Amino acid sequence: MTEPLFRFDNSYARDLEGLYIVQAGAPAPAPRMLKFNEQLARELGLDSARLSGEEGARIFSGTALPEGASPLAQAYAGHQFGGFSPQLGDGRALLLGEILDPDGKRFDIHLKGSGRTPFSRGGDGKAAVGPVLREYVIGEAMHGLGIPTTRALAAVATGEPVLRDSVLPGAVLARVASSHIRVGTFQFFAARGDTARLTKLAAYTIARHDPGLAPDGKVTPEAALGLLDRVVRRQAFLVAQWMLVGFIHGVMNTDNMTISGETIDYGPCAFMEGYDLRTVFSSIDTHGRYAYGNQPAIAQWNLARLAEALLPLMGDDEDEAIEKAGACVNGYAGHFQTAWLNGARAKLGLASCEEGDEDLVKSLLSAMSTPQGAPGQHAADFTGTFRALCRFGEEGEAALAPLFGGTERIADFAQAYTARLARDGMAPAQRRAAMEAVNPIYIPRNHKVEEALSAATNGDLEPFGKLVEVVSLPFTERPGLESYAEPAPSTFGPYRTFCGT
């Protein structure tokens, strides 16, 4: 008897009736594996030999249903660019089921681009090769950087054309997450005044992610407040990590913020090159709501919406509940600042803490910005500057000079930084090694991503495979990969990304 491919245990389908619609994927006419994540498969205890080929292509395209799967489209609401939609949901995605890894940890397997669902709102429910592979490579880059993230298990070509601005080859992404419970999931029941099901969702979420808050399974006001606090802390840490690597999500709607604290939905996302708080890559973010510098505040705004959704579970005294929830959300700023400053100290190679460290970091960031009234000078490359800083102990200002067009812009920082390092006491070789372990040399450079996706769309997967290989080990410098560490050429022009729907 053949062993089942997956150890499914579908608790979401079992426990959260009313929060999903049972839905199978649309059969693909000619499913073909584009990229299979063997490392992730091993971590999950899956059979790579079977899943990396034709059988896996049929399953991960939504064409074949594996034993024990319980496919469904999840319901959720959400604030999109500040406007509330009481019903969104998986319009082109399905939760195939939940599996347990060899350690018993639960993960969702989720298909994106698998066809229409009742939540599609007029869309075709499909996805094209480019957006699917973008999510794959950015997720693996984030994982390599140590940032909590959903990850791609497989990308499968469907053999079916998808009509967007042009006709494109279709594909499906199979991604893995600790769960797909979002802020918008709680908003779905809260908007309907369905406290009974909201309580059930909270109990399920706590049992899955924070079981210590309610060991008896009962959602007390303290447990509900504790859940909010855990999510606040997780999101503060997550967004701080984004800021420390120059990552811009692009669509920080409440339906794209997970309770687990994992980055989700890599649509119009990208990594910043020249340092600028105003950087926006999303073609639909015309007012810069989700610009790089706005991300910390937007995360707090989203968390306030979660607090509003949870208020009915925080006790009968509404004024007291609002006060406690508000204090919890207000605590986000401190959690974010701690995570960001600790990370910034590590990027500067500081083992000790001093009161002026934040000012030191900000003086470097200020120098990296486009100089005011200095025509012809440009913002310094974010990733390149911090990687070059690793050599400051040996080379001083000369390590940074190529990124700043000389040393004039960084003179004040260099003087203060030299004095700070002298007080820190870490051995130079130890400091450099520590800095190179947190300052990546390779990120998914936007021009490299576009080159790889364009080639893949035209049938050549080699550049994509190479890019995934490079960014999966972002801290380790390797000969022959110099072009992957360089900013886009000036001819690349203004960069815009799209949702891929």
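In what follows, residues are counted from 1 in the order of the sequence shown. Keep in mind it's a predicted model, so treat the numbers as computed, not measured.
- Within the 4.5 Å cutoff, side-chain heavy atoms of Arg175 are placed close to those of Ile264.
- Looking at Gln235 and Thr258, their side chains come closer than 4.5 Å, going by heavy atoms from C-beta outward.
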Candidate pair Asp229 and Lys324, rule salt bridge (charged side-chain N to carboxylate O under 4.0 Å, His left out), full reasoning
CA-CA 10 Å; Asp229 178 66; Lys324 288 182 177 180; over 6 Å; no

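- When side chains are defined from C-beta on, Leu225 does not count as touching Leu313, because their heavy atoms never get closer than 4.5 Å.
- Proximity of Gln295 to Ile248: side-chain heavy atoms (C-beta onward) are separated by under 4.5 Å at one or more points.
- A salt bridge links Arg134 with Glu450: the closest approach of a Lys/Arg side-chain nitrogen to an acidic carboxylate oxygen falls below 4.0 angstrom.
- Under a 4.0 Å N-O distance rule, the pair Arg151/Glu43 qualifies as a salt bridge.
- Summarising the geometry of Pro463 relative to Asp460, their closest heavy-atom pair is CD-OD1, 3.5 Å, with the distance given to 0.1 Å.
- A perpendicular orientation is assigned to the rings of Phe60 and Phe6, their planes being inclined by more than 60° (bins at 30° and 60°).
- No side-chain donor-acceptor contact under 3.5 Å links His79 and Arg305.
- Residues Leu198 and Pro312 have side chains in contact (heavy-atom distance under 4.5 Å, counting atoms from C-beta outward).
- Ring-plane geometry between His249 and Phe247 is classed as perpendicular, the angle between the planes exceeding 60 degrees on a 0 to 90 degree scale with a lower cut at 30.
- In this structure the side chain of Ser483 never reaches within 4.5 angstrom of the side chain of Arg445, judged on heavy atoms.
- To the nearest 0.5 Å, the span separating CG on Leu19 from CG on Asp194 amounts to 10.0 Å.
- Taking the six-membered ring for Trp and thresholds of 30 and 60 degrees, Phe81 and Tyr290 have ring planes inclined between 30 and 60 degrees apart.
- With contacts defined as side-chain heavy-atom distances shorter than 4.5 Å, the pair Gln87/Arg192 qualifies.
- Screening Glu262, His110, His209, Arg208 for a side chain to side chain donor-acceptor pair (under 3.5 Å) involving Ser179 leaves a single residue, His209.
- Tyr204 places a side-chain heavy atom less than 4.5 Å from the side chain of Tyr12.
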